[in-house]
Amino acid sequence: MPAGFLIAVEGIDGSGKTTQARLLVEWLGKRGFEARYTCEPTSGPFGKILRSMAYARRVDSRVEALLFAADRLHHLERVIMPLLEKGFIVVSDRYLHSSLAYQSVATGEQEWVEEINKFARRPDLGIYLDIGASEGLNRLRRRRKRSRFEDEAFLERVREKYLEYVGRGELVRVDARGPVNEVFSEVASIVERALSDRR
Ligand code: TYD
């Protein structure tokens with residue numbers, strides 16, 4: 001039985017993660033891999049609490065950080081690990097680095113955020129779709145979609161945090177400003193390389 005492979009697709013709001021993650025699962029399927037799409041926040045019990053709190057004012061960012069971490073461990077245990085054990089490629093639309101970026105900025109406590117997420121295994125490959133905060137927010141507005149974080153300055157700081165993890169070699173940066181198919185061809189070539197390296 002081949003070992004599974006966990007790919008995380010990351011980026012700020014409006015970077016196109018969901019589109020790229022779905023295209024990736026489809027592309028992997030066509031190439032004969034068993035691949036599954038999943039996302040965070042999940043539709044499980046902690047994800048439901050997070051969604052119900054999403055637009056509430058004055059939720060303590062530390063409480064949110066704990067809930068995102070709880071949602072992730074639950075997701076890992078119930079969904080991701082069983083699939084990886086069966087040899088699937090799991091593509092997660094947001095995962096660990098969403099907390100390392102967003103909650104580190106929101107709480108100002110990066111070490112603590114790392115600590116409460118220490119049981120979440122690192123992804124085998126983390127792809128960071130890079131777009132500026134103002135462009136990401138414009139895309140959301142065009143889709144008439146709300147974000148829990150609509151503050152451009154905040155999202156720009158989140159972007160910098162993500163780029164810090166790119167610098168540490170934990171995420172691979174993809175320029176996400178271009179058309180969907182161009183961004184995807186870069187995503188696909190990174191995944192192809194990562195999958196051939198693991199053999
Ligand atoms: P998003 O991927 O935009 O979900 P949807 O498309 O369903 O709205 O994620 C929702 C928000 O949650 C997004 O603004 C980022 C935030 N988030 C965190 O702050 N930390 C996390 O760990 C995760 C998973 C998401």
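Counting starts at 1 for both ligands and their atoms, in listed order.
Considering backbone and side-chain atoms alike, Thr18 places every N or O at 3.5 Å or more from each N or O of ligand 1. Looking at Gln103 next to ligand 1, an N or O pair under 3.5 Å apart turns up.
Counting heavy atoms under 4.0 Å from ligand 1, residue Glu64 does not touch it at all.
Of all atoms in ligand 1, numbered sequentially from 1 with element shown, those under 4.0 Å from a heavy atom of Lys17 are 2 (O). Counting the atoms of ligand 1 from 1 in the order shown, those under 4.0 Å from a heavy atom of Ser99 are 21 (C), 22 (O). Under a 4.0 Å criterion applied to the non-hydrogen atoms of Arg72, ligand 1 contributes the atoms 21 (C), 22 (O), 24 (C). Residue Glu40 approaches ligand 1 through these ligand atoms, each under 4.0 Å from one of its heavy atoms: 24 (C).
One finds a salt bridge joining Arg31 and Glu192 here, because a Lys/Arg side-chain nitrogen approaches an Asp/Glu carboxylate oxygen to under 4.0 Å. Look at Arg122 and Glu114 and you find a salt bridge, because one of the NZ, NE, NH1 or NH2 atoms lies within 4.0 Å of a carboxylate O, short of that distance.
Taking the centre and axis of the six-membered ring of Tyr37, the NZ or CZ atom of Arg22 falls inside the cone set by 45° and 6.0 Å.
Between Leu171 and His97 there is a side-chain heavy-atom pair separated by less than 4.5 Å.
Ring planes of Phe184 and Trp27: perpendicular class, angle over 60° (limits at 30 and 60°).
Taking each of His75, Arg94, Arg51 in turn, the one with a heavy atom nearest to atom 1 (P) of ligand 1 proves to be Arg94.
The environment of Arg139 atom CZ is dense: over 12 non-hydrogen atoms of other residues, nucleotides or ligands sit within 6.0 angstrom.
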